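Accompanying notes for the structure given below.
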There are 2 protein chains.
Amino acid sequence: MPRSRGHLLTTPPSEVDAALVALGYNLRTARVRRNLTLVQMAEALGVSREVLGEAEKGKASTSIAVYAGLLWRLGMIEQLGELARPDRDEEGQRLASFREPKRARPAGGPLDDDF
Amino acid sequence: MPRSRGHLLTTPPSEVDAALVALGYNLRTARVRRNLTLVQMAEALGVSREVLGEAEKGKASTSIAVYAGLLWRLGMIEQLGELARPDRDEEGQRLASFREPKRARPAGGPLDDDF
DNA sequence: AGCTTATGTCGGCTTAAGTCGACACTGGTT
DNA sequence: AACCAGTGTCGACTTAAGCCGACATAAGCT
């Protein structure tokens, strides 16, 4: 992976970390409620039970496939595709009312981003 | 990573793949609307611009940190922690009305899961 | 309490994720 | 239509993600 510089993957912003921990907790809760063991999950998804345990702890460097697989087995995979939906992105819609390109514009005015 | 067996990470279920592609598209749309380039994103997050491009295409084996980082920079990180929330998990709540353990139960009746 | 099973952890191993530099392509601007 | 900048892709390299087997601990059932 990275050549050893530690940023996003090693020490994510606290908000990111918090969100991942929350997600992991939610996944674990949903799994336990359904009375599924990590081993059963691992078999169903074709991954080792260790990575599932790590995902439920919110490990940031775990591939999204693992998280998505859990959501899938739990019958919640649609929720993933709802994330960041353009039609719910108010900030984005405001900006899109001006221009809606396929790329970020090369140069131009000082109108760059939020905050 | 895996010893070469191809399941979740290499060829995820189509629903998982679809959800990831949708997510990637949403992320790209939000980024472009904000007029941010991949390079700017990469600098802000401390990752290479390649992985960001791959994430926007919905690559399953990319770490969730990358996806989460994008959400974070776009001001949508909270949405991640909302995924699979127990209080919105109707199926889970139904089951939890019977028992709410910390682990899946060892043995017991043939009552295992949904469908 | 005792038994059973789920989950945590450790170490070694293999493979691929992520980085970096360079070049090609493509879309937006003037 | 020419130019410039954003994005796609390739190849080589470094590092760690995920696997596996085994053992330790903790939680649930009787």
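Just so you know, these numbers come straight off a predicted model, no measurement behind them. Scope of the values below: all heavy atoms of this structure, side chains included, with no hydrogens, waters or symmetry mates. Below, chains carry the letters A, B, ... as their sequence lines are ordered, and counting in each starts from 1.
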*Whole Å only: how far is the CG atom of N35(A) from the P atom of dG28(D)?*
11 Å
_Reading DNA chain D from 5' onward, which residue's closest nucleotide shows up sooner: K102(B) or K57(B)?_
K57(B)
_Closest-nucleotide ordering on DNA chain C, the 5'-leading residue of L38(A) and E54(B)_ = L38(A)
*asked:* How many whole angstroms separate atom CD1 of I64(A) from atom P of dG18(C)?
replied: 11 Å
*Atom-to-atom span, CD of E56(B) to P of dT7(D) - whole angstrom*: 8 Å
_Does any part of the side chain of P86(A), heavy atoms only, come nearer than 4.5 Å to the side chain of R33(B), both counted from C-beta?_
yes
*Which residue, G53(B) or V51(A), contacts DNA chain D at a nucleotide closer to its 5' end, judged by nearest heavy atom?*
G53(B)
*Starting from P on dA16(D), measure out to NE2 on H7(A) and report it in whole angstrom.*
15 Å
*Given atom CG of L52(A) and atom P of dG8(C), what is their separation to the nearest angstrom?*
11 Å
_Determine whether a donor-acceptor pair (one donor, one acceptor, N or O, separation below 3.5 Å) exists between the side chain of R49(B) and the base of dG18(C)._
no
*Between the base of dT26(C) and the side chain of R103(A), is there a donor-acceptor distance below 3.5 Å?*
yes
*asked:* Please determine whether a side-chain nitrogen or oxygen atom of S63(A) lies at a distance below 4.0 Å from atom OP1 or OP2 of dG18(D).
replied: yes
*Please report, rounded to the nearest Å, how far the P atom of dA16(D) is from the CG atom of L9(B).*
19 Å
*Is any side-chain heavy atom of E82(B) closer than 4.5 Å to a side-chain heavy atom of Q79(A)?*
no
*Figure out the OH/P separation between Y67(A) and dA17(D), and round it to whole Å.*
11 Å
*asked:* With hydrogens left out and only the distance checked, is there a donor-acceptor pair under 3.5 Å joining E50(A)'s side chain and the base of dC19(D)?
replied: no
